Amino acid sequence: QKEVEQNSGPLSVPEGAIASLNCTYSDRGSQSFFWYRQYSGKSPELIMFIYSNGDKEDGRFTAQLNKASQYVSLLIRDSQPSDSATYLCAVVENDYKLSFGAGTTVTVRA
Amino acid sequence: ETGVTQSPTHLIKTRGQQVTLRCSSQSGHNTVSWYQQALGQGPQFIFQYYREEENGRGNFPPRFSGLQFPNYSSELNVNALELDDSALYLCASSRDGRDGDTQYFGPGTRLTVL
């Protein structure tokens, strides 16, 4: 059973701080990785994707990928109350399907 | 907004009934994937359709079936509904379903089975 594991939440951070989210995956053949944000009662929306080892930055978000360690992370800098949501790590398996972790809920305290 | 639409928004059914959920993909996308998200969990892959053919299937029983039309819209059918089928059903469209192709989600259909 291929698995995607995320660090258990909830994660509470003060406004302006860095939120760090972690994800590990079991399928060594996976090549594509995504982070989605899901507000309560809404559908997932794409934040970032990453395919290559290393860091990828987009605004206040930085995704990090280490395929050797089967680890992908997301950093949210200068956290805002609007960042309060559940963050889903998704890994492509078998070349086409997304396998999701259970999500980490982030609360940003004003 | 992703351009992916789903209908209906909410649905209440009783155990044993059948349900059809609908999805219109984003313009230019020929691949639709369906996911089930139970409360407090991540989405679980049901199946994917690429150019009207089923491209892959997750660990769901045969009473979950689907269809994709020539305009690339799609339907998810669930027969003999069970209480555990209560969930948010998500449709996602992508350009061609290949590895690395981003999937964009619709707003979902909330199904409640009583």
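Note that these values count all heavy atoms, side chains included, but never hydrogens, waters or copies made by symmetry. Just so it is clear, the model here is predicted, and its values are computed rather than measured.
Looking at every heavy atom in both residues, B:Tyr104 comes nearest to A:Leu46 through CE2-CD2, 4.3 Å. Nearest approach of A:Tyr96 to B:Arg57, heavy atoms of both residues: OH-N, 3.9 Å.
Here the straight-line distance linking atom CG of A:Leu98 with atom CG of B:Leu90 works out to 11.5 Å at 0.5 Å rounding. Summarising the geometry, atom OG1 belonging to B:Thr102 is positioned 5.0 Å from atom CZ belonging to A:Phe49; distances are rounded to the nearest 0.5 Å.
Interface summary for chain B: among A:Pro44, A:Ala102, A:Gly103, A:Ser30, the most heavy-atom pairs under 4.5 angstrom belong to A:Pro44.
With a threshold of 4.5 angstrom between heavy atoms, A:Tyr51 approaches chain B through side-chain atoms but not through N, CA, C or O. Contact of A:Glu45 with chain B is not made at all, since no heavy-atom distance falls under 4.5 Å. Using a 4.5 Å cut-off between heavy atoms, A:Tyr36 touches chain B through its side chain atoms alone.
Residues A:Val91 and A:Leu21 are members of one and the same hydrophobic cluster, defined by side-chain heavy-atom contacts under 4.5 angstrom among Ile, Leu, Val, Met, Phe, Trp and Tyr. Under a hydrophobic-cluster definition in which Ile, Leu, Val, Met, Phe, Trp and Tyr are linked whenever side-chain heavy atoms come within less than 4.5 Å, directly or via other members, B:Phe60 and B:Leu11 are assigned to the same cluster. Neither A:Val92 nor A:Leu65 shares a network with the other; the hydrophobic side chains, linked directly or stepwise wherever heavy atoms of I, L, V, M, F, W or Y lie under 4.5 Å apart, form separate groups for each. A single hydrophobic cluster is seen to contain both A:Ile47 and A:Val4, as judged by linkage of ILVMFWY side chains at heavy-atom distances under 4.5 Å, directly or through other members. A continuous path of Ile, Leu, Val, Met, Phe, Trp and Tyr side chains, each step under 4.5 Å between heavy atoms, connects A:Phe34 with A:Leu88, placing both in one hydrophobic cluster.
Near-neighbour residues of residues 68-85 of chain B relative to chain A, defined by a heavy atom under 4.5 Å from a heavy atom of that chain, are none. For residues 19-53 of chain B, the interface with chain A (any heavy-atom pair closer than 4.5 Å) comprises B:Tyr35, B:Gln37, B:Gly40, B:Gln41, B:Gly42, B:Pro43, B:Phe45, B:Gln48, sorted by residue number.
The environment of A:Arg109 atom CZ is dense: over 12 non-hydrogen atoms of other residues, nucleotides or ligands sit within 6.0 angstrom.
Under the 3.5 Å distance criterion, the side-chain polar atoms of A:Ser43 are matched with a main-chain donor or acceptor of B:Gly106.
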